[in-house]
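We name chains A, B, ... by the order of the sequence lines, and we start the count at 1 in each one. What you see is a predicted model, and the numbers here were worked out from it, not measured in a lab.
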Amino acid sequence: MSDPVIANVRTFDTRTEAKIPVKSPLAYAYRRTGAPAPTGESRVVLRERPFLGHLVLRGGAIVLDEAVRAVLGVPLPGEPQGLTRDAAGERSIQWLSPDEWLLIVPGGEEAALENRLREALGDAHFAISNVSGGQTLVELEGESARELLMKSVVYDVHPSHFPVGKAVTTVFAKATVILRRPDEQCWELVVRRSFADYTYRWLLDAGEEFCLGVER
Amino acid sequence: MQRYSGFALVKHALSHHENWERQWRNPEPKKAYDVIIVGGGGHGLATAYYLAKEFGVRNIAVIEKGWLGGGNTARNTTIVRSNYLWDEAAALYEHSMKLWEGLSQDLNYNVMFSQRGVLNLGHTLQDMRDIQRRVNANRLNGIDGEVLDAKGVQARVPIMDCSKNARYPVLGASWQPRAGVARHDAVAWGFARGADAHGVDILQQTEVTGFKVRDGRVYGVHTNRGDIEAKTVGCVAAGNSGVLAKMAGFKLPLESHPLQALVSEPLKPVLDTVVMSNHVHGYISQTDKGDLVIGAGIDGYNGYGQRGSYPTVEHTLQAIVEMFPIFSRVRMNRQWGGIVDTCPDACPIISKTPVKGLYFNCGWGTGGFKATPGSGQVFAASLARGEMHPIAAPFSIDRFQSGALIDEHGAAGVAH
Amino acid sequence: MFHIHCPYCGEHREEEEFHAKGQAHLQRPADPEACSDEEWGDYLFFRDNPRGIHHELWVHAVGCRKFFNITRNTVTYEILETYRIGEQPSFTAEYPDGRRPQDATREAQAPLKAGVHA
Amino acid sequence: MSQPHRLGQGGRIDRSCKLGFSFNGKRYQGHAGDTLASALLANGVDIVNRSFKYSRPRGVVAAGAEEPNALVQLGSIEAAQVPNVRATQQALFEGLEACSTNGWPNVQRDMMSLVGKLGGTFMPPGFYYKTFMAPASLWMTYEKIIRKGAGLGRSPMERDPDSYDHLHQHCDVLVVGAGPAGLAAALAAARSGVRVILCDEQEEMGGSLLDSHETLDGRPAGAWVAEALKVLGERDNVTLLPRTTANGYHDHHFVTLHERRTEHLGETAPRKGGWRQVRSRLHRVRAGRVILATGAHERPLVYANNDVPGNLVAGAVSTYIRRYGVVPGRKLVLSTSNDHAYRAALDWAESGREVVAIVDARAEPDGELVEQARAKGIRIITGSAVIEARGDARVSAARVARVDLEAFRVTGEMETLACDTIGSSGGYSPVIHLASHTGARPTWRDDLLGFVPGLVKGVSAAGGAMGTYPTGEVLEEGARAGHEAAAELGFPEGAVALPRVATRRDGAAMALYQVPHVKPTLRAPKQFVDLQNDVTAAAVELATREGFESIEHVKRYTAMGFGTDQGKLGNINGMAIAARCLGKSIPEVGTTVFRPNYTPVTFGAIVGRHCRELFEPERHTALHPWHVAHGAEFEDVGQWKRPWYFPQERRGDVGGERESMAEAVARECRAVREAVGILDASTLGKIDIQGPDAREFLGRVYTNKWAQLAPGRVRYGLMCKDDGMVFDDGTTSCLADNHFLMTTTTGGAAGVLEWLELWHQTEWPELQVTFTSVTDHWATMTVTGPEARRLLAEITDMDLDRDSFTFMDWREGVVAGVPARVFRISFTGELAYEINVQANYAMHVWEALFANGDRYGLTPYGTETMHVLRAEKGFIITGQETDGSVTPEDLGMQWCVGYDKPCSWIGKRALSRPDTKRPDRKQLVGLKPRDPKVVLEEGAQIVFDPNHSIPMPMAGHVTSSYYSPTLDSGFALAVVKGGQQKMGETVYLPMADGQVHEADIVSPIFVDPKGERQNV
């Protein structure tokens, strides 16, 4: 299962096509903290998008940009805090640091994508790490989503400061999240698996006044 | 010196308190002294007091750039304990503790040293190992203390949440019965009054602007009120030590950090001991006026601003409310900051320096207040004899080259 | 609470995202074995502790994870500049109001001061 | 239920809405819009509290945040108690219950007042320091008695039923205070489109305009306020926060605002639409610019008995009349040194009650308000002041005398005026508190008789906060500040249109603080400076006589300004008195420094949601639900919850008692040594390291060698700091030539990753290597024990043959249908496989192992068993065997030190310092207790000579100690001075209970010293 193309690095597809039961990072939180269904009153709706492919891409922007364009068809966001998506909105790439990007793609695509990127990049200095099992995507939607975030993150989420197409790593309560604004309606949180229970509990607690509902 | 006593109070009341004397003079600087102490905080004043009282030095000046006792002496959370891990530190702080135990009488000034006991909580298994290690070491060093389990802690502090439901349940604590708190300002004033009575000139509003050094030897200081000569100069300037060392031409392994503390509004007595938790980062006691006095660790950056970061205060109060959920509706009255000079091994420097006749006593970090009398006494002995007192000797600057640190970060783990 | 401009993220961020990491421009001796105990002790433990302008290393821990430098006044806590690793400060004890362009040129011509990262 | 002092009309209260409340057990009625203070005054309640030191009766003196006296205990149930609530800031609500914080048996007749009266003369400032010293042994008893008098209100004794939260706000311009200056500033700034927050501490916005007589553009001031608020409220870029106090101004324009969301509604937060509101909210505001429009506090005068109920600040008299429709008495005497206080007398007269006289310290007052008072026929006594109030529970008269302020003496012509209320005014003090928090020093202005704030870059102040008082000028100043703030941020806009306000001609004010008495200060009746802390003018004078010359000393010696009001009314008066005593000017005795908070803030609000379950993140592994379901006890390791042990029901006792920890651990240990156990090791930090220089980098950060490690192989490594002390350890696997997977300790994960980045980014940026945390991506299950291979073989086709998959190898394969990396490393000394799978599959693989586990005796074990097993093998745990003062050599791990590596790896140089080379350093050894039944105490100190007297020289301590089921004996790891050269020698461990344990120094490896079991 390792790609022999680049012998200096060992790639490894940690996912299988076999019918294996999987547990999303929020699975236990639903059970432990509860998951109130959305109602007409709900001004925030929370939704987990588990089991996506998450890759961390490291290297120089110029080199990577070409490969990402070629493989994914979208440019590498060159500006800090940039987030770009493909036309379907299913694949995204975000700036994490001057030499680090996060790729999120439909679950199952990540290993092939990694291999294609590695091929395109050849022997340039870069790195790709698969972190799909380690994080999950949580969506927040609704008129009060922004206020809920104001209760939770130190970063300024005002639309003038946080337009669509922005993504930042910041402090969420006492944890770290990646906060993204892929479109007008929706906010995305990329949450580390081990912090998922805490983050979820926080969101439910802080979201009570907005009648936060959980879509499952 | 006018003796203070209950009788004196009654006598003075009859004359409407019109005849109380000054507690210390406000003298003009002389041209020369035998010894100059730079820094009129608790440690500096104590040094001058013991020099005059126990070592017969008669001609001493304490030079203070602001007002005496206006630095960390006035800004700390007043905890006094001696349950340090390492022999060297334990000897120093226990020496100090013994002086505390007779200090009010010695100074004829009630410093309100209240031996109400100090609990250092353990919340993890490693905390408990460290506590056992420290208490065992204390016992063999002749320092009182015992290890309590969670039930023992609950019995001492019924209002604390010792349940298993806490995020970090209390597993136990070390308990030093002789430890406690004192009235910080009174310590500085008591030493100042005592030193003044022995003829020490306390020169307030006098700032040292440089040292007079010839052939590697100090022979005086420059100040904003003129030059003053002395062959022995002891610097006890806490957060400003680094600045003074620079004037004298050498560096110290010190960094000055903000340390914050806060008080609640005054409450009826509800907590009669001192509770410290290193793990959740907060400590608390209640003053005789009723304020809860609360503190935590230092801020991470260097700062002389006497203020620190707000999140430090937030985290401290989170810890306090975690330990004492009933205080959630109590209100925070005031917060403030001090400047603590910290050493890499969380132990002080009491040392000779590359300049002959120039001594430094600094780097007390968050532990300075409790050491005030002991530090003053061993430093005084060292200045008087020209040789470091045996208790002070391990705290030499040399240890940062040899590697013989006294790492109180390690298992003692508890600052303050 | 500080508001810190991260030179990599290109915007001001809250202090809670950062950790202070002590004095900036410390350089590990190139040949530690050739150092005396005193020199090694200096490198390990002795730091500048100025009252006033100070150059500090910080890391944008909850953010881009990059280390960078801050010139800050330790009395007023005013941040005069932030700059990337490898860059030189414009505000120094010598030039508390910032280096004029001609100063910068002059220094650029002189070799880099010791204790500064390449 | 009558309200004797309530006017028939006027004020901003809602007379149609009646609210019942109780005070000290008595029922009263007030109205919506009242504060507790205005309602008490309306009901004729004079005594609201007893004073702290002398137990003197006290009444309401002010109408806002500056109130020092009217502190009450709020709450009808235990959990809702709030101590020290300022009645002047507590909105009245139906059912409010309050009582005085001091007074026994009650506030009307307080036994302690006898003590105060009799003992007061023996309690000058600092009296504590002068007595209670003999005998020394009695101090703790004295202290107990002293403590009985401590405190104002009391803490609740039950958990808070309410919750609190935070809102992280960001704005361009923060305007603090919504009086005329603040409103004008907000209007001006908002026009430009910048983001504005306007907050105000009162129940209603409007500040002084709410009780003003002035007209703005010909309309009542209140109407202009309403319109301004409407305009602001309609703008998207403006956030209005009433009932919100800016309590702390921190660095770089970070300001905390405390919003009281429900405190005006009830003692606990009422539910709203099914959810519970937060009681209060803390806004953490990061502002671009801050405008302080915080107004000014009026200073009372200091005269004898100025604390008797019925003595009020003049402006408060107006506020109660104009805003609450309450006249706080029947006959008023006003003592002033300025014009504006005349307003109080005019309002009093307009309400139909008697103004006995206005006593003005100035010789020839002549302002417009003076003329109005004259026109109303009010008697004005000039060149004089009230020197003493008469009365006990309420003012009964005022002694008025001519005073010579230059000479500070009474010059005769005494007169006693019967009255029940004395209003006094010594002028205004700008509210400079927030500006002061920033560290900027205020400056004294002789023309204003007050301090004006020092302002750091980005802050401005307007209106009363700057000492500007005429409304027209205040509005202009506010608008200018708002306009400039926006312009500085790059949004210049045309000026905002301001309303016309008639200007009033005021006469010059006169400096007056303490009023001279016929007797010298030390002999006069008490003249209070700080009412809350019972600090008198005599106390300040005595302090200066005793050598306390800086205002900081005076404050500390007398406790002046240390109350919950932080000396808002008293500090300037106290400074003036100290200055007079010392013959200096006010600025010469010091400036006044204020600290956060402006007014006290509930702990809960500062804590927010970070309490209870959310106090700190609780990190869980993917297998956590299984551990919970199987009854694990958990250990806190960093933020993780790790299974500590898995107690089972005692054998044959289904549904009965569970095993003790010792029983469970012994069972788990035996299972691993005899069959197979499984541990959730997912919490170990994992760092993916890639790049052509990865190997070089590892060689520099680890103490041992990495040059030769082949793909497919794993190696243990130690990490030191550059002081040579061990700080973390773990295994690192070579995945490919340029690709490694590092593991760290659970607690060290974040620190190690940052450590690697630090060295890479700052010291060796030329190395091509990257580090990415993959801790959460993988779940790690350690299957270990003699049956491990057979168990694993049940669910994998991987070649597990001992010769092809050898110790310290790793392989890829499929385990239970899931792609896995399997590492043959062992922390137990037994045959072991660490199975790593993507975390989403972890539960499946774990359960698949258990599905096959029964026949091999598979037993889950926790961290305690892990500790026992590794200790039996002499494996260290960093943080337990090490404490930041232990080198690799101290641990006897020279085998893990690459002395001849080409680079000077981190920590190497430090190992050759004199102290690290000492032969008698504390070194890691094993200890075997002479009595095998003894399990030494962890942390027990070791001595060579148990008969030595105290202090006893200590040679080391026990770092780890357990009972070993394998050895059927206690055993321990310890550090002992020179221990590696003392094998076989006996050491002693003197314990607290008097026992002295004996133990032999042995090798730290107790089980399988040749390491054969892990290679089976």
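Contacts with chain B were tallied for His54(C), Gln23(C), His19(C), Arg72(C); Arg72(C) has the most, counting heavy-atom pairs under 4.5 Å. Ranked by heavy-atom pairs under 4.5 Å with chain B, the first of Met1(C), Glu56(C), Arg47(C), Glu16(C) is Arg47(C). The candidate with the highest count of non-hydrogen atom pairs below 4.5 Å against chain C, out of Ser241(B), Gly300(B), Ala245(B), Gly303(B), is Gly303(B).
Both the backbone and the side chain of Glu38(C) come within contact range of chain B, each with at least one heavy atom under 4.5 Å from a heavy atom of that chain. Interface residue Asn240(B): only side-chain heavy atoms are found under 4.5 Å from chain C. For a residue to count as touching a neighbouring chain, one of its non-hydrogen atoms must lie under 4.5 Å from one of that chain's; by this rule Ser36(C) does not touch chain B. Proximity to chain B is absent for every atom of Asn73(C), based on heavy atoms less than 4.5 angstrom apart. Arg399(B) does not touch chain C: none of its heavy atoms, backbone or side chain, sits under 4.5 Å away.
Other residues, nucleotides and ligands contribute only 12 or fewer heavy atoms inside 6.0 Å of the NZ atom of Lys246(B). In this structure, Lys356(B) places its NZ atom where only 12 or fewer heavy-atom neighbours from other residues, nucleotides or ligands lie under 6.0 Å away.
A salt bridge is absent between Glu322(B) and Arg167(B): the closest approach of a Lys/Arg side-chain nitrogen to an acidic carboxylate oxygen does not fall below 4.0 angstrom.
Here the closest non-hydrogen pair linking Pro258(B) and Asn302(B) is CD-C, 4.3 Å.
Judged by distance alone, the side chains of Ser309(B) and Tyr301(B) do bring a donor and an acceptor atom under 3.5 Å apart.
Here the CD1-CZ distance, from Ile350(B) to Phe360(B), works out to 13.5 Å after rounding to the nearest 0.5 Å.
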